[in-house]
Engineer: 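If you scroll down you'll find the structure; I have some questions about it.
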Amino acid sequence: QVRIVNYMLGPANCGARTSTASLCCMSECAAVVGEIESQVQAPTATADRLLGVVGNVSTDTVDAPRRFPSGLAQRLHAIAAKRGGQVPLHGRLFAE
């Protein structure tokens with residue numbers, strides 16, 4: 001929960017600012033990451049597990065099931081191969 005609060009109040013997600021207030025919004029990506037975290041319940045997961053979880057997440061702009069380009073799935077498997085079969089959820093490579 002602290003991560004979400006810090007993320008929402010981060011300067012990258014804030015628009016209108018005055019000397020006394022800022023208007024901050026959560027991005028759609030944060031909701032997807034939250035759903036992944038709630039389903040995986042671990043700091044890492046296999047590429048296949050992540051593809052299955054993310055593939056079943058709906059958002060305002062994309063309905064499940066999601067279809068992934070083969071290059072994206074291959075990239076996720078390559079990340080896992082370099083890390084003992086696991087993909088870190090909170091790393092730069094997964095975020096990309």
Side-chain angles (χ1 to χ4, degrees):
Q1 291 175 351
V2 172
R3 242 183 260 136
I4 293 172
V5 171
N6 289 341
Y7 180 80
M8 287 177 60
L9 299 177
N13 296 314
C14 297
R17 294 179 189 195
T18 68
S19 62
T20 58
S22 295
L23 176 61
C24 301
C25 299
M26 200 159 116
S27 75
E28 185 175 285
C29 293
V32 172
V33 170
E35 182 67 23
I36 294 167
E37 289 174 336
S38 72
Q39 290 193 34
V40 172
Q41 297 186 1
T44 63
T46 65
D48 288 332
R49 172 83 171 123
L50 289 174
L51 289 168
V53 169
V54 175
N56 288 310
V57 174
S58 289
T59 64
D60 291 339
T61 57
V62 179
D63 291 328
R66 293 173 182 258
R67 299 183 80 83
F68 300 104
S70 62
L72 184 60
Q74 289 171 354
R75 179 76 175 125
L76 201 56
H77 282 282
I79 292 167
K82 292 181 181 179
R83 289 167 177 73
Q86 298 288 308
V87 177
L89 297 183
H90 299 286
R92 176 188 58 82
L93 294 174
F94 181 67
E96 290 176 359

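Numbering starts at 1 and runs along the sequence shown.
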Engineer: Assess whether side chain to side chain donor-acceptor pair (under 3.5 Å) is satisfied between E35 and Q39, documenting all intermediate values.
Structural biologist: CA-CA 6 Å; E35 182 67 23; Q39 290 193 34; 2.6 Å; yes
Engineer: Is there side-chain contact between L76 and D48, with at least one heavy-atom pair below 4.5 Å?
Structural biologist: no
Engineer: Heavy-atom distance under 4.5 Å between the side chains of I36 and F94, does that happen here?
Structural biologist: yes
Engineer: Looking at side-chain heavy atoms only, is the closest gap between T46 and V87 below 4.5 Å?
Structural biologist: no
Engineer: Would you confirm whether Q41, through its side chain, and S38, through its main-chain N or O, come within 3.5 Å as a donor-acceptor pair?
Structural biologist: yes
Engineer: I'd like to check R67 versus L72 (side-chain heavy atoms, cut-off strictly below 4.5 Å). Are they in contact?
Structural biologist: no
Engineer: Identify the heavy atoms of D63 and T59 that sit nearest to each other, and give their distance.
Structural biologist: OD1-O, 4.3 Å
Engineer: So, for G55 and A64, which heavy atoms are closest and what is the spacing to 0.1 Å?
Structural biologist: O-CB, 3.8 Å
Engineer: F68 versus V54: any side-chain heavy-atom pair under 4.5 Å?
Structural biologist: yes
Engineer: What verdict does the side chain to side chain contact (heavy atoms under 4.5 Å, CB included) test give for R66 and V32, after you've listed the backbone C-alpha separation in whole Å, the side-chain angles of each residue and the deciding distance to 0.1 Å?
Structural biologist: CA-CA 12 Å; R66 293 173 182 258; V32 172; 4.3 Å; yes
Engineer: Are any of the side-chain heavy atoms of I79 and Q86 separated by less than 4.5 Å?
Structural biologist: no
Engineer: Hydrophobic cluster membership, with links at side-chain heavy-atom distances under 4.5 Å among I/L/V/M/F/W/Y: are L51 and V57 in one?
Structural biologist: yes
